[in-house]
Structure formats: structure tokens, C-alpha cells
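The basis for the numbers below is simple: all heavy atoms, side chains too, and nothing from hydrogens, waters or symmetry mates. As the structure is a computational prediction, the values presented were derived from the model and not from experiment.
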Amino acid sequence: MPAPPPPSPRTARGRIEALREPSSLGAKLVVILMGIGLIGSVALTALLAALIVPSFNQLEDKSVAAHIERTRAALGDFATKVEGAVRDYGDWTASYDYMVHPTPEFEKESFSTLAMVNLNVDGMAYVGKDGRIVIARWRTPPGRSEFVAALGQTDFKRVLGQKNSGHYYLRLGNELVAVGVAEVRRSDGTGDPRGYVLMARRITSKTLSDVLQLPATIDLANRPDTDAIVSARSTLRIAVPIRGADGHAVASAAFSVTRDLSLLGQRMLLLAVAGSTLLLLLVLAMLRRMISMLVLRPLARVESHMQMVRTSGSLGLLPDEPRKDEIGSLRNSFNAMLEQLKDLREQVEVQSFALGKSESAVAVMHNVRNALNPISTILSKGIAQAPPVERSMLDRAIAELAKDDLPAARRAKLLAFVAAAIEAEAKDRADRYGELQIGREAMSHVLEIIGAQQSAAHERPEVAPCDVTEILAKNATIARYSGSVSIAFSFPAQACYVMASRIILSQVIGNLFSNAADAIAATGTDSGSITVTITEADGRAVIAIRDDGEGFAAENTPTLFQRGFSTRRHKSGGLGLHWCANSMAAMHGSLRLESEGVGKGAYALLTLDLAPTIEQTLAA
């Protein structure tokens, strides 16, 4: 049986598209892959966020802490320089003596404006241990009053603690100054301290910016006692407290830094998430393509081949594709199943043909029964028929004739009776002989029927090259005038020789023409057409007989070939499609019926082997 042609690309694409429908395996795989991709992307994003964001936040916190520490160091260094300068005046015998005996000469020489310029300070003062201000000077007169007022409110003992010098910051109006304080002692550090010497140096935003190497301001309005950090999307606003003599902030050093590390972390996170997601999508796309190529397409080919087998009825094998995976195993199992089904079909066809012969034998037995009826009648008549003369009466007549004293008249009567009895017996014998001769002839006919049936039951019909076109023409002529419906026939004029039994093929085609005529008549029209086409391919001929009759539903196709089935309820007998199919199978062919639906006509496909070229020539 030839393998069916491969599916067209459009059909294959349709099968693959069918596998992508919502209820198909392909759609489920796509949904699973999408779900896995989504879950993987979310999990990967969460993992990268858990790793990258905290790391860069820690780096940012360390950077902020470094900025704060550097600001504190800059503020402390600035005030320490002032403290260093004032310590020279504190450990100085001249200052120690001045605290007891203030002299204009000392003030002119060491406490003048020129001295403050040389020391790079803006104010100087001597304060007694009792808080009495011995002298206080400021470069500009407006600042001296505020400087003096602040000195009277400062607890120098708290500022110094256990040391002999110290520093703090002081706010004077809209300015901030760093103040250095030292106890007044002799140059060698001996003597009871007689008071405190102070020096003040102004610090500006520019000075602080130069020290920190970034834009910074002295914020007199914002005075937090702890470091204050205000976060924005791309910057951090940091305020470092500048503490006064009482330990509380008198101002703050404020500056902004960009969140480079945080932004870098966000960019890295976005880049990592985008890259990993793109890679995951690429992997899923490739996986989907591989699943489609390795699984869905082979399954689509198998499904398409199964549809073709179901439609055509031809048990062709799937094309060989050397694969050692599960799909290859499925193909091998499927082909093995088709091989087994093909063998079983051949066995069924042989058995069906044998059954068809048996059905033919039923008709033969009917003929045998008819032939045996005369024998049965003769035997029944012979058994029931009484003898023409009773034997006892004949014996008495013969015994009486043997007597010597029998009167002549009586003897004559007895002789006449015996003669009549012998004549009747002879006539009865002749009649019985004739009836037995008739029974013998009937029995011979029965034996001939049985012998011919036994001989035909053990062999297939003999096939020979025959012109199917000629058979079609003869049966078309008979079918055209056999019914009440006018039928137009159309069939090829060119001869086509096939291997078949001419008589059986003629009976099959005649039966199909008769069924087609009945189908046309069932539509209620007075006319119809039957078209016959012959196609030759791969050493076989396909005779397609199409009619425009009533047709039938596709699901009823298997029922048409059942024994005894008929769509004509008013008819009985005939060869039947079952016998036709069996006969075609016995001639190494096949019969198939198809229809597009009720009211759309039907066509029968007869497939037979083409006769060899030489035999065609001889047959012609």
C-alpha cells in the first residue's frame, strides 16, 4: 500500500497553529515558560536588590561618615590653631604680671591691632578668675560689645576642664568665631593662674569650603546638637553641629554631597536586572523554539499523518527520521502499530472475502435446495402411493387358478383379474422409473453446484488485464435506460487497462452506478449526472465515480459497508457495498466512499493495479 503524500506547508503550519491554541500542549508549555520567566525575573530582581542595594548603602553611609568626620576635623583644626596661638600668651610671664599690674606699654606692644593682624585673630581679651574683664579688643568697633557681652556669660572652667587651654565656638551676631582660651601663668608654667587670655578668629563659609574642598556654608539658623542628614533623590544635605562653650551647637556646618554610590548602585541594579532579564528571555525564547522544533513540530507531523490516515484510509508509514529520543521511539511505535494494523486489515479483507464467498455459498445452497425439492417430492410421493393391486388378493387369485376343478367362467374372470393386475404393476413400475430418472438428474445438478462452489471457495478470482473504460461504457449504457431518471454520463474515452476480473469488476461498477442512480432519484429531481475520472499514479489506477445525488454524512461512512445495510428501505437483495468492497480487496484493490455532506453528492474511489505495458498491448 503506497505511503500518503507529505502534508503541505500550509497544512503543517495549521497543525502547529492548532497546537498553539489555548487548550493545546504548546499553549500550556508557553504559559509554563512565561510563568517560569516571570517568577525567575522577580526572584532574580529580589536577589540582586538584596545584594547590591545594601552594599552600596553601606558604602554611602561610610562616605557620609567620612565627610562628617572630615568636617569635624576641619572645625577642630581651625579652633586648635587659635588655641595654639593663645597658649603662647597664656604661658608668658609678661601676661602673668600684666594681670596684676596692667600697663599701657604691654597693651601697646602685645595687644595692639597690629599684633592681632600678625596673629591672624579678630579679637583678644584678658579675663580675671572672678570673671572681671581686664581688657578686651576687637578689630572693628561694632563687634567689641558683642564680644565683651559673650565673655561675661562664658564659664571658662567648664571650657578648660582639667587642661590649661581649650577652645570653643562663639556666635557674634551674624558671624561665627573660634575662640581659644588659656590660663595665664609664668613662662615656665609655674604660679597660680591669675586669669584667662582669649583670642577669637572668624570663620566664614568660604574658609570652611576651602578646608573641606567642597561647597559648604555656616548655617547660624540650623543648630542641631547631633549630625543631621536629609536625603534627597540624588543628593544628601548634611549638617554638622558647631558646639559652643556650653556643649550645645551655636551653628552648623552645612554642605551637600551627591549620592554617587547610591545612584551607581541603582544603575548597577537596573543594568543587572535588565541584563539578566534579557538573558532569561533569550533563554526562554530559545527553549520555546527548541521545544517547538523538537517536540511540537514532530507531534504536529504525527497528528497530521494520523488525520491523513483517517481521511484516506491508507496505512502509510511516517517518513524515517533517525532520532534516538522519545519522539523517535514514538515514531517507531506508531509505524509498528500501522504495520500491525495493515496486516490485520489484510487479514480482515481476506476473511471478508471468504465471508463474501460464504454469502455467495448461501445463494448456492438456495439453488441446491431448489434442486433437491423434486427429489423430495418424488420420494414423498413414492412413499405415500399405494400399490395398484393388493398382494393378498393376487395371491388368492393365483391359488384359485391352480385348482383343477375351477369352473371355466370363474377361471376366465380370475385370468382377467391377474392380467389387469400385472398390467397395473407394469405401468406403476414404469412411472416410478421415470420419477427416479428425474430425481437422478436433480441430484446430478446439486452435485455440480456443490463441486463448483467447493472449487471456487479455495481460490481468489483470476485477474487479467481488462479495459476499465470499456466496462464503464457498457454499464453506463445499461444504467442510462434502467431507471425513470435521466442520467448524463461523463467518462474518459482513452483506454485504461487494470488487473481485475472482468465479470466481477463489471458487477461492482454496475452496482455503484445503480446506487448512484438511486441517490439521484432520492433528491426528487428528474435528471442528474454521473462523472467518472481515471487517475494513474505509482502503478495504480484510481477510478472516481461522482454523482450529484443526495450524499451522506461523513460519520456514516463506516456503516455503508456493513453486511445487510441499505439506505433504501423499500429495496432488498442486490450485491451490496459489502460484497463490492470484498470483491475489490480480492482483486488486490480497494473501494472507498466519500461525501461532503447530505445534499452534496458522493463519490466512490476504486483503486486497482495497472496492467503491465506488454499485457496491455496483448489485451488490446
Exercise for review: Determine yes or no for a side-chain-to-main-chain donor-acceptor pair under 3.5 angstrom, with Asp548 supplying the side chain and Ser529 the backbone.
Suggested key: yes
Point to revise | Test item: Asp467 side-chain N/O and Cys496 main-chain N/O as donor-acceptor pair under 3.5 Å | key: yes
Check your understanding: Measuring from Asn335:CG to Met337:CE, what's the distance to the nearest 0.5 Å?
Key -> 9.0 Å
Revision key, fill the gap. OG1 (Thr531) and CZ (Phe489) are apart, to the nearest 0.5 Å, by 9.5 Å
Check your understanding: Are any side-chain N or O atoms of Thr277 and backbone N or O atoms of Ala274, one a donor and one an acceptor, separated by less than 3.5 Å?
Key -> no
**Study point:** Separation between CD1 of Ile291 and CZ of Arg289, rounded to the nearest 0.5 Å
**Key:** 13.0 Å
**Study point:** Sole candidate of Leu605, Thr607, Leu512, Asn582 that passes side-chain contact (heavy atoms from CB on, under 4.5 Å) when paired with Leu591
**Key:** Leu512
Review point. Which pair of non-hydrogen atoms, one from Met587 and one from Ile504, has the smallest distance, and what is that distance?
Key: CE-CG2, 4.0 Å
Practice item. Return the minimal non-hydrogen interatomic distance between Ala516 and Ile530, and the atom names on each side. Key: CB-CD1, 3.7 Å
**Study point:** Audit row: Thr469, Gln494, side-chain contact (heavy atoms from CB on, under 4.5 Å) steps and yes/no
**Key:** CA-CA 7 Å; Thr469 305; Gln494 185 177 0; 5.9 Å; no
Study note, to complete from the structure: Correct closest heavy-atom pair for Pro465 and Arg502 would be O-NH2, 4.0 Å
**Study point:** Spatial distance of atom CD (Glu470) from atom OG (Ser506) [nearest 0.5 Å]
**Key:** 9.5 Å
Review point. Do any N or O atoms from the side chain of Ser501 and from the backbone of Val463 form a donor-acceptor pair under 3.5 angstrom?
Key: no
Review point. Can you tell me how far the CD1 atom of Ile545 sits from the CD1 atom of Ile534, to the nearest 0.5 Å?
Key: 9.5 Å
Point to revise | Minimum heavy-atom distance Tyr603-Arg546, with the two atoms named | key: CD2-NH1, 2.8 Å
Practice item. Report yes or no: does Ser333 contribute a side-chain atom to a donor-acceptor pair with the main-chain N or O of Ser329 at less than 3.5 Å? Key: yes
Point to revise | Worked verdict on Ile487 versus Asp547 for side-chain contact (heavy atoms from CB on, under 4.5 Å) | key: CA-CA 10 Å; Ile487 300 176; Asp547 64 77; over 6 Å; no
Exercise for review: Would you mind reporting whether Phe513 and Leu472 have side-chain heavy atoms less than 4.5 Å apart?
Suggested key: yes
Review point. What distance do Glu550 atom CD and Asp518 atom CG have between them, rounded to the nearest 0.5 Å?
Key: 9.0 Å
Check your understanding: Does CE belonging to Met306 count more than 12 external heavy atoms closer than 6.0 Å?
Key -> no
Check your understanding: Taking Ser595 for the side chain and Phe552 for the main chain, is one N or O donor matched with an acceptor at less than 3.5 Å?
Key -> yes
Check your understanding: Passes side-chain contact (heavy atoms from CB on, under 4.5 Å), Leu505 versus Leu608? Steps please.
Key -> CA-CA 10 Å; Leu505 181 59; Leu608 289 168; 3.9 Å; yes
Check your understanding: Does any non-hydrogen side-chain atom of Pro298 lie less than 4.5 Å from one of Arg301?
Key -> yes
Point to revise | Minimum heavy-atom distance between Leu338 and His305, given as atom pair plus value | key: CD1-NE2, 3.9 Å
Point to revise | side-chain contact (heavy atoms from CB on, under 4.5 Å) assessment of Val498 paired with Leu606 | key: CA-CA 11 Å; Val498 297; Leu606 298 170; over 6 Å; no
Check your understanding: Closest approach of Ile520 and Gly528, non-hydrogen atoms and distance?
Key -> CG2-CA, 3.7 Å
